[in-house]
Amino acid sequence: MTLSRDDRLERWAGLLEQKPQQLLSTLFEIEYQPARLRDKMRSDNSPISVASEDPVLRSAGLKNDTFGEARRFFEVSAEQLHEVICYCHFGTTISAATAARTVRSLQL
């Protein structure tokens with residue numbers, strides 16, 4: 001299955017909006033990690049794991065729920081993904097609705 005970058009981001013935002021009040025885990029201080037470690041970072045019940053559990057995104061090529069895989073698959077920079085998932089912006093959790101709005105802001 002082939003999805004455009006915007007289609008993938010829209011699908012991710014839509015998945016997050018299905019349970020807008022759900023609290024999701026953030027990643028701690030990703031901006032301070034070396035790239036090779038940052039790309040391996042993940043957390044159960046994160047906005048990225050919501051995307052990773054979706055069969056449509058999986059069939060389109062999303063391999064796992066790591067920071068690096070999300071950057072690759074959604075074609076976003078580390079700085080852009082940082083805005084969606086980092087502890088420094090939201091604390092330990094982020095609502096799915098807030099994550100969806102932030103993901104939508106990445107669309108061109």
Side-chain angles (χ1 to χ4, degrees):
M1 170 180 277
T2 302
L3 296 174
S4 72
R5 176 187 183 271
D6 281 350
D7 289 343
R8 285 176 271 157
L9 289 169
E10 183 59 35
R11 175 82 183 178
W12 186 15
L15 292 166
L16 292 165
E17 288 172 338
Q18 288 178 7
K19 297 180 183 175
Q21 302 305 316
Q22 181 180 11
L23 294 179
L24 301 169
S25 300
T26 58
L27 297 179
F28 188 69
E29 295 186 345
I30 57 179
E31 67 272 30
Y32 299 115
Q33 304 303 316
R36 70 183 193 333
L37 293 178
R38 181 183 60 223
D39 282 349
K40 294 178 183 177
M41 291 179 74
R42 62 162 305 281
S43 179
D44 291 339
N45 194 42
S46 74
I48 300 170
S49 65
V50 169
S52 180
E53 293 166 2
D54 180 55
V56 172
L57 293 177
R58 294 291 280 200
S59 70
L62 183 60
K63 297 175 185 168
N64 60 49
D65 66 351
T66 62
F67 185 87
E69 177 59 9
R71 278 190 332 109
R72 180 200 68 80
F73 180 75
F74 292 107
E75 299 179 51
V76 295
S77 69
E79 293 78 19
Q80 289 172 311
L81 192 53
H82 173 265
E83 295 296 320
V84 175
I85 190 111
C86 192
Y87 169 91
C88 72
H89 295 291
F90 308 105
T92 58
T93 60
I94 180 174
S95 75
T98 299
R101 280 192 303 278
T102 308
V103 167
R104 280 219 168 83
S105 76
L106 302 177
Q107 292 177 307
L108 298 174

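What you see below is based on every heavy atom in this structure, not just the backbone, and it leaves out hydrogens, waters and symmetry mates.
- Checked against side-chain hydrogen bond (donor to acceptor under 3.5 Å, both in side chains), Ser4 has the following partners two or more places apart in sequence or in another chain: Asp7.
- Residue pairs meeting the salt bridge (Lys or Arg N to Asp or Glu O under 4.0 Å) criterion with at least one partner in residues 43-55, sequence neighbours excluded, are Arg11-Asp54, Arg42-Asp44.
- Atom OG of Ser46 sits about 5.5 Å away from atom CG of Asp65, to the nearest 0.5 Å.
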Using residues 86-97 as the side-chain source, report each donor-acceptor pair under 3.5 Å to any protein atom, sequence neighbours left out, with the distance given to one decimal.
| unit_1 | atom_1 | unit_2 | atom_2 | d |
| --- | --- | --- | --- | --- |
| His89 | NE2 | His82 | ND1 | 3.3 |
| Ser95 | OG | Thr98 | N | 3.1 |
| Ser95 | OG | Thr98 | OG1 | 2.9 |

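- By the side chain to side chain contact (heavy atoms under 4.5 Å, CB included) test, Ser77 is found to be paired with Glu79, Gln80, residues two or more places apart in sequence or in another chain being considered.
- Using a 4.5 Å heavy-atom threshold, the side chains of Gln18 and Val50 count as separate.
- For Thr66, the side-chain hydrogen bond (donor to acceptor under 3.5 Å, both in side chains) test picks out Asn64, with sequence neighbours left out.
- Residues meeting the side chain to side chain contact (heavy atoms under 4.5 Å, CB included) test with Ala35, sequence neighbours left out: Arg38.
- With sequence neighbours left out, Phe73 forms a ring-ring contact (aromatic ring centres under 6.0 Å, His included) with no residue at all.
- Summarising the geometry of Ser25 relative to Pro47, their closest heavy-atom pair is O-CD, 3.2 Å, with the distance given to 0.1 Å.
- No donor-acceptor pair closer than 3.5 Å links the side chain of Ser49 to the backbone N or O of Ser52.
- If you take CZ on Phe67 and CD1 on Ile30, they are separated by 4.0 Å, rounding to the nearest 0.5 Å.
- Applying the salt bridge (Lys or Arg N to Asp or Glu O under 4.0 Å) test to residues at least two apart or on different chains, the pairs with a partner in residues 14-32 are Glu17-Arg104.
- Every residue two or more places apart in sequence or in another chain that forms a side chain to side chain contact (heavy atoms under 4.5 Å, CB included) with Lys63 is listed here: Glu69, Arg72.
- At a threshold of 4.5 Å between non-hydrogen side-chain atoms, the residues Val84 and Trp12 count as touching.
- Taking the salt bridge (Lys or Arg N to Asp or Glu O under 4.0 Å) definition, one finds that Arg101 meets it with nothing, sequence neighbours left out.
- A search for salt bridge (Lys or Arg N to Asp or Glu O under 4.0 Å) contacts involving Glu75 returns Arg8, not counting sequence neighbours.
- Scored by the side chain to side chain contact (heavy atoms under 4.5 Å, CB included) test, Pro55 finds no partners at all (sequence neighbours excluded).
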For this session: Evaluate the side-chain contact (heavy atoms from CB on, under 4.5 Å) criterion for residues Leu16 and Leu24: first the C-alpha distance (whole Å), next the side-chain angles of each, then the deciding distance (0.1 Å), finally the verdict.
Result: CA-CA 10 Å; Leu16 292 165; Leu24 301 169; 3.5 Å; yes
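- Residues Val56 and Leu15 have side chains not in contact (no heavy-atom distance under 4.5 Å, counting atoms from C-beta outward).
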